[in-house]
Amino acid sequence: MRRTTPGVLGTQDLILPRAFRAEEESPSEVIRILEPFVTDARRARLLEVIGRRLASVAVVLDRPYDPHNGAAVLRSCEAFAVQRLHVVERTGTPLAIAHSVARGAEKWVDVTCHASAASAVAWARAEGLPLVATHPEGELDPEDLAQMPRVALVLGNEREGIQDELAAACAARVRVPMRGFVESLNVSVSAAILLYSATRGRSGDLDDPARLRLYARGLYLSVAHAEEIIASALRPT
C-alpha cells in the first residue's frame, strides 16, 4: 500500500497552475511585461540557473509507489539541472509527489507522465536519448554516463525494479558500486549518485525556446500578482 502523507500532490497539481500561465501566453510577451518588476539580482540568478539546465540528460522513473521517493527523485533532477523527468505511471495509480520532500523542485522540472512503457520508449527514441537502466550487475560505472553525449537514466520502482518491456529497450545498464553487505540502494539515493556522475562537466544545453519558456515561468513565480499584471497589460484598450 502506498504511503499517504498530508501535502501529497497529484499529477493535476504537481506544478502550480499559475506557473503554466507564463507558457499559455507568448513567453516573450510575459518576459516583456514582468521583467521590469524583478530586481537585477533576481534576473541574473534566473538566467544563470536556466543557462545550466540540461536537455541531454533525462530521467525515466518506472511505476513509482511511494510519493516520498518520487519527490526525492524529482528534487535530484532539479539539483543536477536535469530538466525532464518522465514517469511511467502504475495502472490505476497516478503519480503523486510529497510536497514536503520536493521542496519546490516541482516548479522547475518538466514532468511528463506515460500510461505505458511503450510510450516512454517512443519518446526517448524520438528525442535521440539512449535509455540506460540501473542494475546491480550493470556493465557501466557511474562515471561512464558523463561520456555519453545524450542519455535517459531509467530507474525502477521500490518493489519490482524496471519492468521487462522498458528494460528490453535499454541500450546499456549502469551499476552503483558498493562495498558493504547490502545489494541495493533506495531508488532516490541511486538517482542522486548517478545524476551527479551523468551531469558532471556538462554545459547547459537547452535550446532557446526552452530557455525563454523557463525564464518566463521564473518571472511569473517571482512577481507578486503576476497574473493580474499580465492580464492588465494584454487587455485591449
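Positions are given from 1 along the sequence. Given the structure is predicted, the values throughout are model-derived calculations rather than measurements.
Between Leu54 and Phe80, the shortest heavy-atom distance links the atoms CD1-O, 4.0 Å. Here the closest heavy-atom approach between residue Val87 and residue Pro64 is recorded as CG1-CD, 3.7 Å. Between Tyr220 and Ile230, the shortest heavy-atom distance links the atoms CE1-CD1, 3.2 Å. Of all heavy-atom pairs spanning Ala152 and Leu129, the tightest one is CB-CB, 4.1 Å. The shortest non-hydrogen separation linking Val223 to Leu34 is CG2-O, 4.0 Å. The two residues Trp108 and Arg53 come nearest to each other via the heavy atoms O-NH2, 3.4 Å.
Asn69 places none of its side-chain heavy atoms less than 4.5 Å from the side chain of Leu61. Using a 4.5 Å cut-off on side-chain heavy atoms (C-beta onward), Val57 and Arg202 make contact. Residues Ile31 and Arg213 are not in side-chain contact: their nearest non-hydrogen atoms beyond the backbone lie 4.5 Å or more apart. Within the 4.5 Å cutoff, side-chain heavy atoms of Met178 are placed close to those of Leu185. In this structure, Thr134 and Val176 have side chains that are not in contact, with every pair of non-hydrogen atoms separated by 4.5 Å or more. Two residues are said to be in side-chain contact when any heavy atoms from C-beta on lie closer than 4.5 Å; Thr199 and Val82 meet this criterion. At least one side-chain heavy atom of Leu234 sits under 4.5 Å from a side-chain heavy atom of Ile33. Proximity of Leu166 to Val154: side-chain heavy atoms (C-beta onward) are separated by under 4.5 Å at one or more points.
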**Request:** Please assess Arg32 against Glu29 for the test salt bridge (charged side-chain N to carboxylate O under 4.0 Å, His left out), listing each intermediate value before the final yes or no.
**Result:** CA-CA 5 Å; Arg32 178 186 66 80; Glu29 276 292 277; 2.9 Å; yes
**Request:** Would you please test Gln147 and Asp144 for side-chain hydrogen bond (donor to acceptor under 3.5 Å, both in side chains) and show each step?
**Result:** CA-CA 5 Å; Gln147 306 307 313; Asp144 296 328; over 6 Å; no
**Request:** Check step by step if salt bridge (charged side-chain N to carboxylate O under 4.0 Å, His left out) holds for Glu137 and Arg175.
**Result:** CA-CA 6 Å; Glu137 298 176 0; Arg175 67 183 182 277; over 6 Å; no
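Interatomic distance, Leu140 CG to Met148 CE, rounded to the nearest 0.5 Å: 7.0 Å. A distance of 7.0 Å separates CG of Leu155 from CG of Leu194, quoted to the nearest 0.5 Å. Atoms CG and CZ, from Leu206 and Arg211 in turn, are 6.0 Å apart once rounded to the nearest 0.5 Å. Distance check, rounded to the nearest 0.5 Å: CZ of Arg84 to OG of Ser56 gives 8.5 Å. The line from CH2 of Trp123 to NE2 of His114 is 6.5 Å long, rounded to the nearest 0.5 Å. Rounded to the nearest 0.5 Å, atoms CG (Asp205) and CZ (Arg52) are 13.5 Å apart.
Checked by atom type and distance alone, the side chain of Ser76 pairs as donor or acceptor with a backbone atom of Ala72 at under 3.5 Å. Although no hydrogens or angles enter the test, the distance criterion places a donor-acceptor pair under 3.5 Å between the side chain of Arg217 and the main chain of Lys107. In terms of modelled atom types and a separation under 3.5 Å, the side chain of Arg63 and the main chain of Arg90 share no donor-acceptor contact.
Ser222 and Arg42 share a donor-acceptor pair across their side chains, judged by distance under 3.5 Å alone.
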